[in-house]
Protein chains: 2
Amino acid sequence: MASVTSYDVAARAGVSQSAVSRTFSKNGKVAAATKARVLKAAEELGYQPNLLARSLITGKTGMVAAIVSQTSGRYYPEVVQMLATALESAGKKMLLFYTDGRIDRVEEVLTEIGRYQVDGIIATTQFAPDRREMIRALGRPLMLVNRVDPKHEFPAVICEQTEAASGLANSLVEAGRKRVLLLSGPKDNFVARHRLMGALDGLGSAYLDTVKGDFTYDCGVAAAHQITSMKADAVMCINDSMATGVIDGLDRLGVQVPQDIWVTGFDGSFAGSLGRYDLTTYVQPIESMVNEAVRQLCLIIDEPDTTVPGQTFQGQVRVGRSAPL
Amino acid sequence: MASVTSYDVAARAGVSQSAVSRTFSKNGKVAAATKARVLKAAEELGYQPNLLARSLITGKTGMVAAIVSQTSGRYYPEVVQMLATALESAGKKMLLFYTDGRIDRVEEVLTEIGRYQVDGIIATTQFAPDRREMIRALGRPLMLVNRVDPKHEFPAVICEQTEAASGLANSLVEAGRKRVLLLSGPKDNFVARHRLMGALDGLGSAYLDTVKGDFTYDCGVAAAHQITSMKADAVMCINDSMATGVIDGLDRLGVQVPQDIWVTGFDGSFAGSLGRYDLTTYVQPIESMVNEAVRQLCLIIDEPDTTVPGQTFQGQVRVGRSAPL
DNA sequence: AGCAGGAGTGCATTCGAATGCAATCACCAA
DNA sequence: TTGGTGATTGCATTCGAATGCACTCCTGCT
């Protein structure tokens with residue numbers, strides 16, 4: 001309401017508006033004495049610079065849009081929190097958008113983003129290929145996390161998935177598992193696809209079959225029946241949420257993990273590490289990944305012409321009781 | 001970079017900038033024909049109105065700040081997601097801030113918020129009493145969720161906690177528990193305090209002692225030792241995260257829940273409902289609460305002089321295996 | 001004393017869109 | 001044909017802050 005502007009401060013300090021502006025911006029030259037007076041006046045009036053007005057001139061808002069695809073998993077919330085922390089310490093504000101996994105939401109979200117002049121975008125969502133042009137048109141740097149642009153136009157920070165899945169699968173085989181079932185994710189999902197590929201590769205003849213999943217706990221529970229009827233001796237789930245669901249579902253059927261069946265997950269989410277589940281899973285270093293993504297994004301923001309390489313991280317297998325490798 | 005302005009569109013459509021502005025704002029009067037031409041030109045140039053520039057005039061940004069106090073619990077992420085969804089469908093963008101439970105962060109966050117001209121604020125964080133003036137100075141409506149302003153200056157949507165805790169405590173006593181331990185939360189936390197008060201009240205002589213906690217899973221695990229040494233026959237935890245921690249901690253000591261000790265939580269978080277924990281807990285209708293908070297906030301935003309009542313919701317006890325009431 | 005150099009400052013303009021007011025236009029009735 | 005009416009439209013200004021440019025002083029040096 002009674003919003004205080006730089007003119008008000010200027011009047012009270014007996015200087016020009018320019019002087020006020022200069023004391024509040026990084027590279028303004030002001031004499032120490034006037035700076036002090038301006039700050040005093042600002043303090044007294046409770047002045048805060050209007051960053052949106054500033055952005056009209058500078059072209060920078062200090063806001064970064066985060067797009068996350070909130071499958072109902074336990075994994076994305078952790079990513080969001082880390083994003084918030086990382087952006088915060090980079091001095092950026094986070095404008096958060098969820099797509100709820102619906103690809104059509106991406107378009108809506110992108111137009112909204114365009115209207116808000118964010119400095120950059122971090123996305124953990126898949127884009128339809130024809131959105132590429134739209135993103136380019138936004139004219140804002142985009143950083144992908146655990147997604148990859150097939151044409152490598154946009155930099156991506158990812159965690160190696162295929163080899164990891166293959167390695168985990170291999171370990172199962174070497175540990176003597178002979179009938180391994182896969183619980184997969186949505187076909188169009190990047191990580192799901194890569195994990196699946198790796199797993200298939202690593203299982204070899206121990207591969208039994210694939211059950212279609214959707215990343216949710218409930219779907220894990222629901223799959224339990226099918227799993228037992230196929231007499232699998234291990235289930236590789238493409239994420240942790242489903243793995244916890246499978247464990248609970250099997251439990252209800254009176255099937256013991258790991259005595260009767262082994263179960264593995266993928267992600268390294270908090271829920272999976274809870275003592276009662278103690279999943280064997282592939283732990284992604286999300287914190288490092290998110291930090292790196294933010295770091296690289298900030299580089300482009302500060303120096304618009306640089307290109308940035310992205311990065312591929314390696315996670316590691318955590319062995320829990322659910323599959324005592 | 002090549003940002004398209006209303007002037008560009010105007011030029012291409014052969015009209016004035018005003019016409020463009022009017023076709024893109026709610027209450028602008030434009031002839032259907034010119035509107036069509038403008039839209040066509042806008043489409044061709046990929047024009048998107050700059051909402052921040054607009055906000056200079058209208059005084060509204062369409063952004064709402066959300067402040068959450070991210071204790072590491074499993075509960076706040078769910079709140080964040082619901083907030084996002086609710087704000088989204090109210091047509092607001094969410095600017096998200098975490099305080100990490102540090103009260104000093106609140107001040108930083110509030111000044112940032114002041115600089116970004118948000119239309120309103122939704123907070124699940126406790127404010128130090130002397131921040132009241134600061135918030136008032138922001139001149140922006142504030143809605144509290146599960147926090148209460150002692151002076152009732154700011155509207156709050158909360159879930160009834162004290163009676164609920166008392167009721168739950170009572171049920172434990174009636175079910176024959178005689179030595180009930182409390183695992184409390186931070187003293188300055190609103191919900192923790194109210195839940196504790198209620199529990200004390202409801203337990204009567206079955207109250208054994210209070211162990212200080214901090215809402216985290218780890219702290220629940222750590223408390224297990226103390227719990228057994230005090231020979232409690234039930235533990236009331238002030239939130240679900242700690243309850244799951246307690247269960248796992250006891251498990252490691254070979255103590256069975258519920259055979260040897262009963263455990264209850266508070267929140268109704270997803271993790272607590274997982275089959276392996278199956279907590280008896282007090283489920284808060286967070287979704288309704290968040291929706292109501294957003295609804296009321298939007299009312300004030302649209303009609304700045306209205307006051308809004310807040311609301312108190314009732315949750316309900318969900319009985320799980322962790323304390324088979 | 002005279003002058004070059006530099007630091008501080010203010011003026012005026014700019015960013016992109018909204019809006020009050022005045023001008024224009026089409027159309028209808030007399 | 002003329003005046004009136006309402007609907008559109010454009011002009012000019014405004015929001016709050018940043019910044020190029022020109023101007024004023026104050027130093028310090030010769």
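Protein chains get the first letters and strands the later ones, always in sequence-line order, with residue 1 at the start of each.
- Evaluation of the ring pair (Phe, Tyr, Trp, His ring centres under 6.0 Å) rule for B/Tyr116 yields no partner, not counting sequence neighbours.
- Remark: A/Tyr47, A/Gln48, A/Pro49, A/Asn50, A/Ala53, A/Arg54 in residues 46-55 of chain A come within less than 4.0 Å of DNA chain D through at least one heavy atom.
- With sequence neighbours excluded, the residues that form a side-chain contact (heavy atoms from CB on, under 4.5 Å) with A/Ala123 are A/Ile67, A/Phe127, A/Leu142, A/Leu144.
- For DNA chain C, the contact window with chain A, defined by any atom under 4.0 Å from a protein heavy atom, covers C/dG8 to C/dG16 in 5' to 3' order.
- A/Ala84 approaches A/Met94 most closely through the heavy-atom pair CB-CE, 3.6 Å.
- For A/Phe190, the ring pair (Phe, Tyr, Trp, His ring centres under 6.0 Å) partners at least two apart in sequence or on another chain are A/His194.
- When rounded to the nearest whole Å, the span between NZ of B/Lys35 and C1' of D/dT9 equals 15 Å.
- Evaluation of the ring pair (Phe, Tyr, Trp, His ring centres under 6.0 Å) rule for B/Phe24 yields B/Tyr47 as partners, not counting sequence neighbours.
- Note on residues 50-66 of chain B: pairs passing side chain to side chain donor-acceptor pair (under 3.5 Å), not counting sequence neighbours, are B/Thr61-B/Asp119.
- In this structure, the side chain to side chain donor-acceptor pair (under 3.5 Å) partners of B/Glu88, at least two apart in sequence or on a different chain, are A/Arg105.
- Remark: B/Ser21 pairs with B/Gln17 by the side-chain contact (heavy atoms from CB on, under 4.5 Å) rule, at least two apart or across chains.
- For the pair A/Ile57 CD1 and D/dG20 C1', the interatomic distance rounds to 11 Å; values are reported in whole Å.
- We find that A/Lys40 and A/Glu43 are not joined by a salt bridge, their nearest charged nitrogen and carboxylate oxygen being 4.0 Å or further apart.
- An angle of 50°, rounded to 10°, separates the two end axes of the helix from C/dA1-D/dT30 to C/dA30-D/dT1, each defined over five pairs.
- For the segment residues 16-25 of chain B, residues with any heavy atom less than 4.0 angstrom from an atom of DNA chain C are, sorted by number, B/Gln17, B/Ser18, B/Ser21, B/Arg22.
- Of the possible donor and acceptor atoms, none in the side chain of A/Arg136 sits under 3.5 Å from a partner among the backbone N and O of A/Met134.
- The side chain to side chain donor-acceptor pair (under 3.5 Å) test applied to B/Asp305 returns no partner, not counting sequence neighbours.
- Comparing A/Gly14 and A/Tyr7 by the nucleotide of DNA chain C that holds the closest heavy atom to each, the one mapping nearer the 5' end is A/Gly14.
- Using a 4.0 Å cut-off between charged nitrogen and carboxylate oxygen, B/Arg295 and B/Glu292 count as a salt-bridge pair.
- For A/Thr34 (side chain) and A/Val30 (main-chain N/O), no donor-acceptor pair under 3.5 Å exists by modelled atom type.
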